[in-house]
Structures are given as C-alpha cells and as structure tokens.
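Here's the structure we're looking at; comments come further down.
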There are 2 protein chains.
Amino acid sequence: MNKPEKSLLPEGAKARQVYLSLRDQIADGRLEDGDSLPPEQKLAEIFSVSRVTIRRALDALAAAGLVVRRAGSGTTVRTSGQAGQPMAMNLATLMPQLVEMGQTTTARLLSFSYGAAPEFVASALHLQPKEQVQIATRVRSTDGTPFSHLTTYVPAGIAENYSENDLATTPLFKLLELSGVQIKDAHQSVSATLAGPDVAEALGIAVGSALLSLRRVVRDVNDNGVEYLSALYRPDMFRVEMPLTRVGDGSARHWQPAIGKPPGEPS
Amino acid sequence: MNKPEKSLLPEGAKARQVYLSLRDQIADGRLEDGDSLPPEQKLAEIFSVSRVTIRRALDALAAAGLVVRRAGSGTTVRTSGQAGQPMAMNLATLMPQLVEMGQTTTARLLSFSYGAAPEFVASALHLQPKEQVQIATRVRSTDGTPFSHLTTYVPAGIAENYSENDLATTPLFKLLELSGVQIKDAHQSVSATLAGPDVAEALGIAVGSALLSLRRVVRDVNDNGVEYLSALYRPDMFRVEMPLTRVGDGSARHWQPAIGKPPGEPS
DNA sequence: AAAATTTGTATCTTTTATAATACAGATTTT
DNA sequence: AAAATCTGTATTATAAAAGATACAAATTTT
C-alpha cells in the first residue's frame with residue numbers, strides 16, 4: 001500500500017548531509033559530468049557512515065537526476081541533459097520572460113482575507129497601526145508545476161477596486177494601475193529561506209528545501225505604500241537575472257544595471 | 001564578540017518541521033512580536049506530534065532569540081531587539097554598503113589552486129575546454145562573523161597578474177582592473193541553495209541552512225570572460241537590494257532599475 | 001570463462017528520535 | 001490562598017534512522 005516514496009531530500013540527518021555534500025561537489029564543478037563516484041563502500045568510509053546511509057543519499061541524487069547508477073558499473077555524474085533552464089526574472093523588466101520562453105503561468109488562490117496589517121507590513125507601507133489590509137496568498141504554476149508562492153498585502157481601500165477573481169488571472173500591479181493607483185517606484189529585497197510545511201506542500205517540494213525569497217514594496221506617486229509582496233520561489237525553476245555594465249572613467253568608474261537588454265545568450 | 005550562533009536547527013525530521021513552520025509564521029507576520037504561542041500541549045495537538053518534539057522546536061526558536069519562554073506564563077514571540085538588519089548589496093553599486101554602515105570586512109583564503117576549468121565555467125567564460133583557471137575560495141567576515149563564501153574562477157593568464165596575498169585584501173574585480181583588464185559588463189544570477197558541510201563549517205551555520213546563491217560572469221571589452229564568481233551568503237546577514245522606478249507612459253510603461261540612489265531608509 | 005568489482009536487496013542489531021506519562025516549580029487567575 | 005495554567009524535568013516505551021553483515025545480480029577486468 002505504501003509506495004517507496006522517492007523523496008528528493010533525505011529525511012534523516014546524516015543521509016541529508018551526505019546528499020548535500022555530493023550535490024555541492026557536483027554543483028561547483030568538483031565533480032563533473034561523466035565523472036565516476038567512488039563505489040558505495042568507499043563513500044561510506046569517506047563520509048564515515050554506513051553504506052545504507054550512502055545509499056539513501058545516492059537514491060536522492062538519482063531521483064534528482066544528478067547521477068546515474070548502474071549495477072556492476074558504478075555511479076556516474078550526469079549534469080547534462082538536465083531539466084531546462086529555470087525561468088528568469090530580468091531585473092530590467094521585473095517580469096518573468098514568459099513570452100520569450102513560450103511558457104504560460106496560472107495562478108491559484110490559496111487564501112484571501114482582510115485583517116490588520118502585520119507590523120512589518122505596516123511600517124514598510126507607512127500605514128497606521130492596525131490598518132486593514134487585504135491578505136492574499138497565491139501559487140503560480142507553469143505547465144502545471146508550481147514555482148512560486150506569493151503573499152500580498154494591499155491596503156483595504158485600494159484592494160476594494162478589484163475582485164477576488166481578478167487575483168487569479170492578473171498580476172497584482174496591473175490590477176493596481178487599473179484601479180487608478182499611480183505607481184511610482186518599488187523596492188525589492190532578495191534573500192533565501194527554507195520551505196516550511198505549508199509552502200512545501202503548495203509548491204510540491206520537500207520541507208526544508210531552499211527557496212529564493214523576494215520582498216517587494218511598491219509605492220505610488222504620493223509615496224504611499226500600495227503593495228507589499230512576499231514571494232517564495234523554487235530555485236530550480238526561478239532566478240533573478242541582473243545584467244550590469246561598467247561605466248564612467250578612472251576613479252569614477254562604477255557599475256550600473258544594464259536596462260532594456262536581455263541577458264547575453266549562453267552562446 | 002559574537003556569540004557562536006546557536007541557531008542550530010533540530011536534527012530530527014519532525015522537530016525540524018515544527019521549528020521551520022513556527023519560524024516562518026514569525027517571519028511572515030502571522031505571529032507578531034508579543035504574541036503568545038499556544039501552550040506546548042496545544043501545539044503538540046496542532047502539529048500532531050508529542051510535546052517532547054514541540055519542546056525541541058521551541059528550544060531552537062528560543063536559542064535563535066525568536067521566542068521567550070517563561071515557566072507558568074507561556075512562550076511569546078520576540079522579534080524586536082533582533083540582530084541588526086542584514087548587510088545590503090545595492091544592485092546599483094554592486095558593492096555592499098559597508099562604508100555607510102560603518103562596517104568592515106575581512107577575507108580569509110580557504111583554498112587556492114590552478115586547474116582545468118569545470119565545464120560550466122568554461123562555457124560561461126567562453127574558454128577552451130581544459131583551459132587552466134585559478135580557483136580560489138574565500139570567506140568574508142564582518143566584525144568577526146563570516147557572512148559569505150566565495151569561489152572565483154579566473155583564467156590563468158589573467159590571474160598571474162596578482163598574488164595570492166592580494167586576494168585576501170582586495171576585491172577581485174579591482175585586482176583585475178589593476179591588472180589591465182578592461183571590464184565591460186557582468187551578468188549576475190541570484191538563487192538559493194542549502195548549505196553543505198564544508199560551506200556550513202566555513203560560515204558557522206548548520207548544515208541544511210538556506211543560503212543566498214549568487215553567480216556572476218564578468219567580461220572584458222573583447223567579450224572575453226575574465227571572472228566567474230560563485231558566492232553563497234548567509235540570508236540573515238546579507239541581501240540584494242533593488243530599487244526600481246516605473247517609467248514611460250501608457251502601454252509603454254515599464255520598470256527600470258533606479259540607479260545611483262540608495263534604497264529608501266526604513267524611517 | 002573465471003575472477004574481481006560494484007550495485008541491488010534482505011535481515012538483524014544498535015542508536016537515535018519520538019511518544020506517552022507523570023510530576024515539580026513558576027505564574028496567573030479565581 | 002487555592003485552583004488552574006504553563007513551562008521544566010524525568011522516566012519509560014515505541015518508532016525510525018543508521019550500522020553491520022551477507023549474498024545475489026549486473027558489469028567489467030583478467
């Protein structure tokens with residue numbers, strides 16, 4: 001009745017550690033495509049764990065498609081033929097390059113309510129304490145695979161200009177502008193966090209997976225905060241891309257974000 | 001002095017899950033400063049685990065300073081008085097705002113060698129297969145606390161223009177320009193990953209912690225790749241900040257990175 | 001074709017995490 | 001001041017992860 005349950009992230013502490021170590025060696029080039037891993041028995045000695053534990057780690061690596069195992073022959077690294085490149089959000093456009101990639105996204109509304117703004121939202125949006133905000137949580141998917149978990153906070157007065165249904169179809173900042181809000185600027189902050197149970201379930205990933213975390217505060221022409229976004233992205237499906245140019249001369253030489261130009265194609 | 005960072009996520013699978021869930025609820029505002037958590041017995045029922053497991057999770061939260069526990073009274077969320085804001089790297093300058101923050105960083109060289117470029121480096125830098133590169137791994141600290149783990153790949157011909165010692169004192173792109181390299185542009189890609197054993201040890205964090213991952217390819221005026229950087233940052237100490245402006249009219253309205261302007265102060 | 005390797009599978013033991021339960025000490029409520 | 005709550009601590013039992021071992025099946029080497 002219970003299927004083997006091929007987990008991408010080992011539950012146990014040691015197996016997980018071995019998995020992460022090998023994954024890192026593959027990711028940073030210490031182990032390259034086609035390289036043979038040491039036999040399981042050797043790995044067990046290297047990591048000072050039992051072969052069973054090594055096995056669990058290798059199972060996870062194989063499930064993730066990072067290695068190929070063949071009885072008698074051994075385990076080899078396989079990084080080519082990896083799942084297509086993750087979706088990219090170009091900083092210059094603030095929008096995922098969906099059109100270029102021929103991909104479409106769908107949104108599903110997980111929760112929708114009005115309530116007092118949490119402290120950090122109120123201060124970021126310059127709201128009165130306890131001011132009412134609309135809190136909506138959505139999951140975006142591409143080709144049926146969820147890749148982002150979005151929670152937005154919008155002052156109640158503004159949020160009343162669009163319907164709960166609109167949220168499932170239209171990007172929020174479009175809704176805001178359609179509502180007459182004059183967006184002036186935004187500030188994004190990117191970081192990383194671990195997936196908790198609810199987010200993990202919504203995104204179809206293991207609890208404790210790494211997530212790209214993006215927070216965005218959007219302000220209108222009067223410097224009133226109109227949107228606070230807390231977004232979590234699967235790092236294997238989403239990245240923030242930033243083309244940069246070196247400008248200026250001599251000691252005034254500095255970096256500047258390249259605008260309007262997509263990132264250089266990988267040859 | 002800095003305390004040895006007792007953030008230690010629980011080893012066990014369930015305790016870790018509870019810890020992450022509660023931590024997330026605190027992080028995203030569902031639980032606010034001063035809020036009382038349900039008593040341990042209630043939490044055990046809510047999460048369907050034993051009180052012992054709840055206790056381990058709360059121990060970790062308390063060690064991380066996110067909650068305060070008082071016998072008889074209960075456990076309350078404490079987010080104020082938290083460790084100061086993380087260092088920010090402004091996109092517009094590509095440099096951490098160290099001067100403004102009155103902070104200094106030191107670098108420690110973990111490894112230094114020459115070898116064949118890993119495939120992904122070779123293709124990103126447009127190198128010949130097997131071309132020699134200098135591979136250096138450094139850890140940067142601020143006030144004695146390590147916050148980033150940097151691995152750089154530089155073509156051997158270029159790398160010979162500076163010494164191993166220079167690496168510990170000077171940002172790499174400065175060394176490159178001092179070496180006569182004319183940097184034209186760069187491309188950064190930001191994502192997230194989990195800390196493996198070696199990185200975890202170097203950064204003084206637990207294995208399996210979330211890390212901000214940044215990859216940067218720097219090219220010179222002839223479009224030759226001169227540096228490949230793979231950087232890992234502690235998310236509690238480092239963020240990438242991106243100020244953005246809405247420009248244009250009507251349907252041509254779009255986002256643009258704001259340049260030369262530091263992010264708005266949080267009042 | 002035989003021998004040596006290496007992965008696949010199975011069983012058993014040991015260790016560790018979790019569960020269940022009880023009660024003491026601190027704090028608040030009645 | 002007594003009762004009700006809640007955290008702190010301890011004990012024992014059960015479940016899960018890890019270790020140890022043996023051998024079969026696939027592959028490579030000799």
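In what follows, every chain begins at residue 1, and chains take the letters A, B, ... in the order their sequences are listed. Only this structure's heavy atoms are used, side chains among them; waters, hydrogens and symmetry mates stay out. As the structure is a computational prediction, the values presented were derived from the model and not from experiment.
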Determine whether the side chains of A:R215 and A:S189 contain a donor N or O and an acceptor N or O closer than 3.5 Å. no
Look at all strands and tell whether A:A44 reaches a base, only sugar-phosphate, or nothing, counting heavy atoms closer than 4.0 Å. nothing
To the nearest Å, how far apart are B:F47 CZ and C:dT18 P? 14 Å
Record whether the side chain of A:R70 comes under 3.5 Å of the base of C:dG8 through a donor-acceptor pair of N or O atoms. no
Using a heavy-atom cut-off of 4.0 Å across all strands, would you classify A:A15 as base, sugar-phosphate, or nothing? sugar-phosphate
When A:L61 is tested against each of A:T75, A:V67, A:V18 for side chain to side chain contact (heavy atoms under 4.5 Å, CB included), which residue passes? A:V67
Would you kindly give the NZ-to-P distance between A:K14 and C:dT16, to the nearest whole Å? 7 Å
Nearest-nucleotide pick for B:T53, side chain only, options being C:dA19, C:dT27, C:dA26: C:dA19
Reckon B:S50 has a side-chain N or O less than 4.0 Å from the OP1 or OP2 of C:dT18? no
Whole-Å distance separating the CG atom of A:L37 from the P atom of C:dT7: 9 Å
Grab the CZ-P distance between B:R55 and C:dA19 for me, whole Å please. 15 Å
Side chain to side chain donor-acceptor pair (under 3.5 Å) evaluation trace for B:T193 with A:R23: CA-CA 10 Å; B:T193 190; A:R23 186 212 55 168; 3.0 Å; yes
Please report, rounded to the nearest Å, how far the C1' atom of C:dT7 is from the CG atom of A:D59. 11 Å
Between B:Q134 and B:Y114, a side-chain donor and acceptor under 3.5 Å: yes
Without decimals, in angstroms, what is the distance between A:L43 CG and C:dG8 P? 13 Å
Span of DNA chain D in contact with chain A (heavy atoms, under 4.0 Å): D:dA17 to D:dT28
Could you check B:A71 against A:V52 and say which one's nearest nucleotide on DNA chain D is further toward the 5' end? B:A71
Can you tell whether the side chains of B:D59 and B:R69 come within less than 4.0 Å, N to carboxylate O? yes
B:H149 and B:T137: CA distance, side-chain angles, deciding distance, side chain to side chain contact (heavy atoms under 4.5 Å, CB included) verdict: CA-CA 7 Å; B:H149 181 278; B:T137 302; 3.5 Å; yes
Could you give me the CA-CA distance, side-chain angles and deciding distance for B:R108 and B:L110, then say whether side chain to side chain contact (heavy atoms under 4.5 Å, CB included) is met? CA-CA 6 Å; B:R108 187 164 61 93; B:L110 291 188; 3.4 Å; yes
Let me know the distance between CZ of A:R51 and C1' of C:dT5, rounded to the nearest Å. 11 Å
Starting the side chain at C-beta, find the nucleotide from C:dT18, C:dT7, C:dA26 nearest to B:R56. C:dT18
C:dT5 P sits how many Å from A:E45 CD, rounded? 14 Å
